[in-house]
Novice: 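The structure follows.
Quick note: residue numbers are just sequence positions, from 1. All values derive from a computational prediction rather than experimental measurement.
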Amino acid sequence: MAIDRIRIDVLEEADVDKTLDLRLREFLCRIFPNWESVFRTRRAWHDAPPVYTALARDPSGNIAGHVAVVERTITTNWNFRYLVASVQGVSVAESYRKTGLSTRLLDVALEEARRRRYPFAILFCREPLVHFYERNGWKLPDDSMIMWRDRELPIHMQSNCPMYRELGEERFPEGPIDVHNPL
């Protein structure tokens, strides 16, 4: 399908009413069947609701794609802290795959992150998707990036490839990175 008629909106979490939330959760259950138990009740992993969502809809209003952005804090060995845009739920309906819609959604989500002055974006993906993200400007860190729950317990991630994007002039920190809900 051609994507020239697809509309992409950036929605604040407050703009997502109960009906749209249900439609989004149903969409995510279809795209991520292994995570149906999560998406039946909420649209985010690890208890962090999106700050905003880039949502693609076709002319009939059907969901064509989705990217959610959650705020996270990353810390470094030197205890530097950065509030970052954590990208999750990158998904496109099967009929729109291989059309460039994922790239367009990511571009919209990252442009909004720049507008909000996040210095970096991060995401966790599965290894087969690394090349897709690299083609879109994402990089693998030189060191570890671990997500933590309650600052004491690491979260077991099914996706094993953390990636980042610099959104401005600042360089991504070197060394191990810890990822938390905003501190």
Side-chain angles (χ1 to χ4, degrees), residues 3 8 10 24-25 27-39 42-56 63-76 82-114 116 118-149 153-167 171-182:
I3 62 168
I8 300 176
V10 174
L24 286 166
R25 288 187 291 113
F27 176 79
L28 291 168
C29 284
R30 284 193 306 275
I31 302 295
F32 300 103
N34 292 343
W35 288 96
E36 185 176 353
S37 63
V38 170
F39 294 129
R42 63 187 182 278
R43 289 183 293 115
W45 286 283
H46 313 301
D47 303 322
V51 175
Y52 65 89
T53 299
L55 180 61
I63 297 171
H66 165 277
V67 172
V69 176
V70 171
E71 273 189 357
R72 300 263 185 220
T73 300
I74 61 172
T75 57
T76 68
Y82 300 91
L83 192 62
V84 300
S86 180
V87 172
Q88 64 179 16
V90 178
S91 49
V92 171
E94 194 169 332
S95 58
Y96 289 100
R97 292 188 184 153
K98 304 218 183 274
T99 64
L101 184 55
S102 293
T103 297
R104 279 187 54 204
L105 276 163
L106 283 166
D107 288 347
V108 168
L110 294 179
E111 188 54 41
E112 181 65 18
R114 282 184 196 91
R116 293 173 186 237
Y118 292 109
F120 313 112
I122 62 170
L123 60 77
F124 292 83
C125 70
R126 294 185 180 271
E127 191 170 351
L129 295 172
V130 167
H131 296 297
F132 165 77
Y133 287 110
E134 285 178 329
R135 284 192 315 268
N136 283 283
W138 293 82
K139 299 174 185 171
L140 292 165
D142 292 333
D143 212 322
S144 66
M145 190 183 302
I146 299 171
M147 185 167 302
W148 295 88
R149 180 185 316 276
L153 186 66
I155 294 174
H156 171 71
M157 303 289 288
Q158 285 189 0
S159 49
N160 56 0
C161 297
M163 300 189 82
Y164 71 92
R165 281 274 308 258
E166 294 162 341
L167 300 177
R171 306 292 295 161
F172 194 74
E174 294 181 3
I177 300 291
D178 291 338
V179 180
H180 314 271
N181 283 333

Novice: Counting distance only, does the side-chain N/O of Arg42 pair as donor-acceptor with the main-chain N or O of Pro49 below 3.5 Å?
Specialist: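 Checked: no pair found.
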Novice: Can Phe27 and Leu55 be said to form a side-chain contact (heavy atoms from CB on, under 4.5 Å), step by step?
Specialist: CA-CA 11 Å; Phe27 176 79; Leu55 180 61; over 6 Å; no
Novice: Run through Val87, Leu110, Val92 and flag the one making a side chain to side chain contact (heavy atoms under 4.5 Å, CB included) with Val67.
Specialist: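 Output: one option passes, namely Val87.
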Novice: So, are Glu166 and Lys139 salt-bridged, with charged N and O less than 4.0 Å apart?
Specialist: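 Result for this pair is yes, salt bridge flagged.
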Novice: Working to the nearest 0.5 Å, report the span between OH of Tyr164 and CG of Asp142.
Specialist: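 With rounding to 0.5 Å, OH (Tyr164) is 6.0 Å from CG (Asp142).
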Novice: I'd like to know if the side chain of Arg104 reaches the main chain of Ile3, judged simply by a donor and an acceptor atom lying under 3.5 Å from each other, with no hydrogens or angles considered.
Specialist: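 Checking the backbone N and O of Ile3 against the side chain of Arg104, a donor-acceptor pair under 3.5 Å is found.
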Novice: Classify the ring geometry of Tyr82 against Phe120: parallel below 30°, tilted from 30° to 60°, perpendicular beyond 60°.
Specialist: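 Answer is perpendicular, since the angle exceeds 60°.
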Novice: Checking Ser91 side chain against Gly89 main chain: does a donor-acceptor pair fall under 3.5 Å?
Specialist: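 Yes; at least one donor-acceptor contact below 3.5 Å.
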Novice: Decide side-chain contact (heavy atoms from CB on, under 4.5 Å) for Phe132 and Thr103; before the verdict, give the C-alpha distance in whole Å, the side-chain angles of both, and the deciding distance to 0.1 Å.
Specialist: CA-CA 9 Å; Phe132 165 77; Thr103 297; 3.8 Å; yes
Novice: Which atom names give the shortest non-hydrogen contact between Val108 and Ala54, and what distance separates them?
Specialist: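 Heavy atoms only, the tightest pair is CG1-CB, 4.2 Å.
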Novice: For Glu134, look at atom CD and say whether over 12 heavy atoms of other residues, nucleotides or ligands are found less than 6.0 Å away.
Specialist: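 Counting other residues, nucleotides and ligands, CD of Glu134 exceeds 12 neighbours.
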Novice: Please name the pair of heavy atoms, one in Arg30 and one in Pro33, separated by the smallest distance, quoted to 0.1 Å.
Specialist: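 Distance-wise, the nearest heavy atoms are O-CD, 3.7 Å.
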Novice: Using modelled atom types and a 3.5 Å cut-off, is there a donor and acceptor pairing between side-chain atoms of Tyr118 and backbone atoms of Glu112?
Specialist: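 No, because the side chain of Tyr118 does not come within donor-acceptor range (under 3.5 Å) of the backbone of Glu112.
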Novice: Specify the closest pair of heavy atoms between Cys125 and Val130, including all atoms of both residues, with the distance to one decimal.
Specialist: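 Result for this residue pair: SG-CG2, 4.0 Å.
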Novice: Could you tell me which non-hydrogen atom of Tyr52 sits nearest to which non-hydrogen atom of Ala113, and how far apart they are?
Specialist: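 Closest pair (atom of Tyr52, atom of Ala113, distance): OH-N, 3.1 Å.
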Novice: Look up atom CG in Asn136 and atom NE2 in His131, then write down how far apart they are to the nearest 0.5 Å.
Specialist: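 It comes to 13.5 Å.
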Novice: What distance separates Glu71 CD from Arg116 CZ, expressed to the nearest 0.5 Å?
Specialist: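 Interatomic distance, Glu71 CD to Arg116 CZ, rounded to 0.5 Å: 8.0 Å.
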Novice: Roughly how far apart are Ile8 CD1 and Leu105 CG, rounded to 0.5 Å?
Specialist: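 Between atom CD1 of Ile8 and atom CG of Leu105 there are 4.5 Å.
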Novice: Any chance you could lay out the side-chain contact (heavy atoms from CB on, under 4.5 Å) test for Asp178 and Thr75, step after step, and finish with the verdict?
Specialist: CA-CA 5 Å; Asp178 291 338; Thr75 57; 3.4 Å; yes
Novice: Using 30° and 60° as the class boundaries, would you call the ring planes of Trp138 and Tyr133 parallel, tilted or perpendicular?
Specialist: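 Rings of Trp138 and Tyr133: perpendicular, as their planes differ by over 60°.
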Novice: Should Ile122 and Phe172 count as side-chain neighbours, where that means a heavy-atom distance under 4.5 Å?
Specialist: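 Heavy-atom side-chain distance check passes, below 4.5 Å.
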Novice: Using 0.5 Å steps for rounding, measure from the CG atom of Leu83 to the NE2 atom of His180.
Specialist: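 Interatomic distance, Leu83 CG to His180 NE2, rounded to 0.5 Å: 12.0 Å.
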Novice: Measure across Glu127 and Cys161 and return the closest heavy-atom pair with its distance rounded to 0.1 Å.
Specialist: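 Reported closest heavy-atom pair: CA-SG, 3.7 Å.
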Novice: Looking at OG1 of Thr53 and NE2 of His66, how far apart are the two atoms once the value is rounded to the nearest 0.5 Å?
Specialist: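 The NE2 atom of His66 is 4.5 Å from OG1 of Thr53, to the nearest 0.5 Å.
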Novice: Does the side chain of Asp143 reach to within under 4.5 Å of the side chain of Glu174, using non-hydrogen atoms?
Specialist: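 With C-beta onward as the side chain, the pair stays apart.
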